[in-house]
Amino acid sequence: MLKFKNISSGYNNIKVLKDISFDIAKGDFTGIIGPNGSGKTTLLRAATKIIKPFKGEIFLEEKNLANMPLKELATVMAVVPQNTAFMFPFRVIDVVLMGRTPYVKRFGFESRKDLKIVLEALEFVDALHLKDRFIDELSGGERQRVIIAKAIAQEPRILLLDEPTTHLDISHQVQIFDLLRRMNKESGLTIVSILHDLNLASDYCDKLILLNNGTIKSKGAPSEVLDYKTIEEVYKTVVIVKENPLTLRPHIFLVKKD
Ligand code: ADP
C-alpha cells in the first residue's frame, strides 16, 4: 500500500531521514514512534509529498508518488495533521465538506451525494449534532472528531495521522483510537499514525516502526519492537516492560531514579 524504498529526505541541506525502507500492507494499523527529533513528522511529510526525497522512491499502491498529481493523491490518502487549531470560524459541516474537494470539479459545487457522505462521516464520529456549530468553539476532543470526519469524507484508502490525541485527556485519547480501530477493522482502512504514548501505540497498533536519529531502529509487532533494551537505548530512560493483562501487549513502566 505504502512503500518507502531507500528514502533520504529532510530540509535544504539537512538530511533528517537516512536511507529508510519499509512496506505498509493494505489494512495495517501502523504506529510510528521514536523520541523527539527522530524524524517522525519528516517521514509523514515525505509520505504526503510536502517534502521531496533527496534519494529513494515512495510508492503508493504501486504508483511512484513523485509522478502522482496531488488531486489524485487526495483521493487515496487523507491526513490528520498535528495542529488542528482553526483560525477562522468555519461551520463544522463546511469543514467536513472540504474533505470532498478532490472529487468536486473545478468551479463546481458539491452534489447531494457529497452532502450524504459528509453527514454519514459526522455520524460515524458521533458529531452529527455539532454540524451547525463553529469549529473554533468546539472542545479539543470534538474538534479532533470533526477533523477525522473530514478525513473520512475524503474516502481515502490510507489515513495518516500526526499525534492525533496530543492535547486530549485519556478518555478522549481512547475514544479517538477506538474510532480509528473501528475504521480499520470495519472498512479495512490502512492507518499510519505517529504516537507519543508508547502504551497507546502498543495497545492499538498491530505494527510499529521505531525511529531513532532518522533511521529505523526496529519494526514489527509491538512485542518485537517494545523490548526494554531497545527502549532504554533509544529513549535513554530506564523502563520495565510487562504484559498488559487485558490486551496481552507490552506495557511500559517508567522507573524513577533514587
Ligand atoms: P519528530 O517528529 O520525530 O519530533 P521531526 O521530523 O519533526 O521529528 O524533526 C526531525 C529533525 O528535523 C529535527 O532535528 C528538526 O529540527 C528538523 N526539522 C524539522 N522541521 C524542519 C524544518 N521545517 N526545517 C529544518 N529542519 C527541520
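Order of listing sets the numbers, starting from 1, for every ligand and every atom in it.
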Considering non-hydrogen atoms only, spot the tightest contact between Ile58 and Pro53 and give its length. CD1-CG, 4.2 Å
Considering all heavy atoms of both residues, which atom of Leu211 and which atom of Leu43 are nearest to each other, and what is their separation? CD1-CD1, 4.0 Å
Under 4.0 Å from ligand 1, residues with heavy atoms, in chain and number order, are Tyr11, Val16, Pro35, Asn36, Gly37, Ser38, Gly39, Lys40, Thr41, Thr42, Arg45
Can any side-chain N or O of Gln154 pair as donor or acceptor with the backbone N or O of Met77 at less than 3.5 Å? yes
Specify whether Tyr204 and Phe177 have parallel, tilted or perpendicular ring planes, treating 30° as the upper limit for parallel and 60° as the lower limit for perpendicular. tilted
If you take all heavy atoms of Lys131 and Leu122, which pair is closest and at what distance? CB-CD1, 3.9 Å
Short question: side chain of Arg91, backbone of Asp132 - any donor-acceptor pair under 3.5 Å? yes
